Amino acid sequence: CIANLSNDEVFTPPDFANRMLDTLAEVWAAQHRRANIWADKNVRFLDPCTKTGVLLREITSRLTKGLADALPDLEERVNHILINQVFGIGITYLTSLLARRSLYCSKHAKGKHSIAKGFASDAGHIWFERLDHTWSGTKCAYCGAPRTIFDREEALDTHAYAFIHTDDIKTRAAEWFGGDMQFDVIIGNPPYQMTGGAGGSSDSSIYHLFVQQALNLEPRYAVFVTPSRWMAGGRGLDEFRAQMLNGGHLRSLADFPDSGDAFPGVQIKGGICYFLWDTAHSGTCNVTRVAGGEEHLQRNRRLGEFDVLVRDERALEILRKVLSKKEASVIELVSGDTPFGVATNFEDWAEKGGSGKIALHLINKGKRAIGFMKRGDIHKNADAIDTWKVLVPKAYGAGETFPHQILGREIVAAPPSACTQSYLAVTPFQAERAAQSFASYYRTRLFRFLVSLRKITQDALRSTYTWVPQQSWNRTWTDDLLYTKYGITKNEIAFIESMIRPMGEDDE
């Protein structure tokens, strides 16, 4: 046993690996007259990001049973599988040894304890060599790794993953494994991000690079485990999300909103999923949501209905009802990041006001506070200083359990005022009554439910408000008024209220 080396390189539990392989076998059988993929001695598998080797080991185990009739001699059968059918690329030196130990029963493919016979090198078909990043200024041109962290001495792993550090993956694969390589199945659990030092959403996601590179090898099937963040957000994932949702090649998608249901003891914000990409498929996708040990299957889902994926099938009809009125979105009122150009760590503020100073809403020592700064120091959205506005927290996280608050409590800010990067500004409101009306709307469960469909991590950026329609700002809004307006049924109300808790006066 060995613990996960980091949250970026999460080992795949055997049960989860077998679930992925079951999905692959079902799709193969459906497309090959109920044939058993594990009884085909010509199918070739690649794990381009192997860690413990569990996927390759489980594949080999299944092939060993499935090929018993075609190759009766056990030693001959196992050797055929290891020489001709299973291939891997280690992500670090240590994991390459782990993978060889899992697959060959020896960290040396040519060692005396190895169950494979005939390899020309100790690496066998688990390739690894230390690679340096290709620096372009302060970052790697291929994966975005920060040079200050990963420009390392020779004795240390660089985490420059070979599979994604090339412009010609077909040529490289031929070099690694000795000849033209056409893989029928590419399967893996890639590293999730390159840590930039800040952690969390500031880090650069790289799992999508492994998927896109795998598709460049033109396999029949690609099966990958990834964080679920790509479904609705994620830094630099817009193109990947569009490719996944609109390409029509996703045949099966299993989503685990709580990553602990997939990887016991491991928490990945936003959850975990695995999917099967079928090159020959063009159409709908079977989506399974796994929550609390229960599976909820939605067959023939059209993934490209919206620009992001609505993960919970129970929310679809509610969203369709709201959007059917074709009302303007509140996103037109919501600012972008750093609405007044004042950073979170801004220090040039005072506790008392005075001539030429305006109120500044900020976070000080972990708590909300109001300071004062010079009006003349604000050069971004200066015209919003003298309007009534509603300030909403840019981030809010309170665990993965439901019912959830989703958003932090709003602040109705009187003019003249501004805020730091900790908030987004909803503006302009010409009178306090209008701002208070929006605030009452913001606190409703339906408002926060619509936000939750696009908010997959703690960040509540401007885009998460896309599906929230504008209202008239002349009344106090309640959920009862909104449920009636949009024709929300009793069952739909019960679902919303099971997911979103009321927001009290003391909440932040």
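Nothing here was measured: the structure is a model prediction, and the numbers come from that model.
One finds the OG1 atom of Thr60 at 10.5 Å from the CG atom of Leu55 (value rounded to the nearest 0.5 Å). For the atom pair OG1 of Thr50 and CZ of Arg100, the computed distance is 10.0 Å after rounding to the nearest 0.5 Å. Rounding to the nearest 0.5 Å places CG of Leu24 at 5.0 Å from CH2 of Trp38.
Every ring pair (Phe, Tyr, Trp, His ring centres under 6.0 Å) that Phe306 has, sequence neighbours left out, goes to Trp467. Here Tyr207 pairs with nothing under the ring pair (Phe, Tyr, Trp, His ring centres under 6.0 Å) rule; sequence neighbours left out. With sequence neighbours excluded, the residues that form a salt bridge (Lys or Arg N to Asp or Glu O under 4.0 Å) with Asp238 are Arg241.
Ring centroids of Phe16 and Phe256 are separated by less than 6.0 Å, placing the two rings close together.
The minimum heavy-atom distance linking Thr279 with Pro219 is given by the pair OG1-O, 2.6 Å. Smallest separation of non-hydrogen atoms from Glu58 and Leu21: CB-CD1, 3.7 Å. Here the shortest heavy-atom pairing between Lys455 and Ala460 reads CE-CB, 3.8 Å. Nearest heavy atoms, Ala123 versus Tyr104: O-CE1, 4.0 Å. Heavy-atom minimum distance, Cys49 versus Ile91: CA-CG2, 3.5 Å. Summarising the geometry of Leu309 relative to Leu245, their closest heavy-atom pair is N-CD1, 3.9 Å, with the distance given to 0.1 Å.
With a 4.5 Å cut-off on side-chain heavy atoms, Ser324 and Tyr486 do not count as touching. Here the side chains of Pro403 and Ile500 are not in contact, with every heavy-atom distance at 4.5 Å or above. Using a 4.5 Å heavy-atom threshold, the side chains of His125 and Val86 count as separate. Val426 has its side chain out of reach of Ser335: every pair of non-hydrogen atoms, C-beta onward, lies at least 4.5 Å apart. Counting only heavy atoms from C-beta outward, the side chains of Val78 and Thr64 approach each other to under 4.5 Å. Counting only heavy atoms from C-beta outward, the side chains of Asp22 and Arg62 approach each other to under 4.5 Å. When side chains are defined from C-beta on, His159 does not count as touching Cys143, because their heavy atoms never get closer than 4.5 Å. By the 4.5 Å heavy-atom criterion applied to side chains, Asp184 and Phe45 are not counted as neighbours.
At a cut-off of 3.5 Å, with distance as the only test, a side-chain donor of Tyr274 or Thr23 sits close to an acceptor on the other residue. A donor-acceptor contact closer than 3.5 angstrom links the side chains of Thr92 and Thr95. Side chains of Asp337 and Gln421: a donor on one and an acceptor on the other come within 3.5 Å. Residues Gln212 and Gln243 bring a donor and an acceptor atom of their side chains to less than 3.5 Å of each other. Checked by atom type, the side-chain pair Asn491/Arg314 shows no donor-acceptor distance below 3.5 Å. A donor-acceptor contact closer than 3.5 angstrom links the side chains of Gln213 and Asn216.
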Evaluation steps, side-chain contact (heavy atoms from CB on, under 4.5 Å), between Leu67 and Ile81
CA-CA 9 Å; Leu67 292 173; Ile81 295 166; 3.9 Å; yes
Go through the steps for Phe163 and Tyr142 under the test ring-ring contact (aromatic ring centres under 6.0 Å, His included), then give the verdict.
CA-CA 10 Å; Phe163 190 68; Tyr142 288 104; over 10 Å; no
Residue pair Asn286, Ser252: steps toward the side chain to side chain donor-acceptor pair (under 3.5 Å) verdict
CA-CA 5 Å; Asn286 290 337; Ser252 178; over 6 Å; no
Can you list the steps and then say if Glu332 with Tyr465 is a side chain to side chain donor-acceptor pair (under 3.5 Å)?
CA-CA 9 Å; Glu332 297 175 7; Tyr465 294 88; over 6 Å; no
Under the side-chain contact (heavy atoms from CB on, under 4.5 Å) criterion, do Trp477 and Leu482 qualify, and how do the steps go?
CA-CA 8 Å; Trp477 286 100; Leu482 294 168; 3.8 Å; yes
Going through the distances and angles, do Arg454 and Asp307 end up as a side-chain contact (heavy atoms from CB on, under 4.5 Å)?
CA-CA 10 Å; Arg454 301 182 68 99; Asp307 63 318; 2.9 Å; yes
Evaluate the side-chain contact (heavy atoms from CB on, under 4.5 Å) criterion for residues Leu98 and Lys51: first the C-alpha distance (whole Å), next the side-chain angles of each, then the deciding distance (0.1 Å), finally the verdict.
CA-CA 7 Å; Leu98 288 172; Lys51 306 180 189 76; over 6 Å; no
Kindly determine whether Phe449 and Phe495 satisfy ring-ring contact (aromatic ring centres under 6.0 Å, His included), including the steps that lead there.
CA-CA 10 Å; Phe449 174 77; Phe495 169 58; 5.7 Å; yes
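Using modelled atom types, no side-chain atom of Asp258 and backbone atom of Ala291 make a donor-acceptor pair closer than 3.5 Å. Judged by distance alone, the side chain of Asn18 and the main-chain N or O of Pro14 form a donor-acceptor pair under 3.5 Å. Between the side chain of Thr288 and the main chain of Leu297, no donor-acceptor pair closer than 3.5 Å is present. Remark: the backbone N or O of Thr444 is not paired with any side-chain donor or acceptor of Asp479 at under 3.5 angstrom. Side-chain atoms of Thr457 never come within 3.5 Å of backbone atoms of Lys269 as a donor-acceptor pair (strictly under, hydrogens ignored). Distance alone, capped at 3.5 Å, is enough to place a donor-acceptor pair between the Gln85 side chain and the Asp40 backbone. Judged by distance alone, the side chain of His208 and the main-chain N or O of Phe240 form no donor-acceptor pair under 3.5 Å. Side chain of His404 to backbone of Leu407: no donor-acceptor contact under 3.5 angstrom is found. With Thr166 contributing its side chain and Ala162 its backbone, the two residues share no donor-acceptor pair below 3.5 Å. Of the possible donor and acceptor atoms, one in the side chain of Arg448 sits under 3.5 Å from a partner among the backbone N and O of Arg443.
A side-chain contact (heavy atoms from CB on, under 4.5 Å) with Pro48 is found for exactly one of Tyr161, Phe224, Phe183, Phe87, namely Phe224.
Salt-bridge check for Glu218 with Lys170: passed, with a basic side-chain N closer than 4.0 Å to an acidic carboxylate O. Using a cutoff of 4.0 Å between basic side-chain nitrogens and carboxylate oxygens, Lys485 and Glu327 are scored as salt-bridged. The residues Lys321 and Glu492 are annotated as salt-bridged, a charged nitrogen and a carboxylate oxygen being separated by less than 4.0 angstrom. In summary, Asp459 and Lys394 do not engage in a salt bridge, as defined by a charged side-chain N under 4.0 Å from a carboxylate O. A salt bridge does not link Arg57 to Asp47: none of the charged side-chain nitrogens sits closer than 4.0 Å to a carboxylate oxygen. In summary, Arg311 and Asp255 engage in a salt bridge, as defined by a charged side-chain N under 4.0 Å from a carboxylate O. A salt bridge links Arg289 with Asp312: at least one charged nitrogen is closer than 4.0 Å to a carboxylate oxygen.
Relative orientation of the Phe447 and Tyr441 rings is perpendicular, given thresholds of 30° and 60° on the angle between their planes.
Atom CG of Asp180 has 12 or fewer heavy atoms from other residues, nucleotides or ligands within 6.0 Å.
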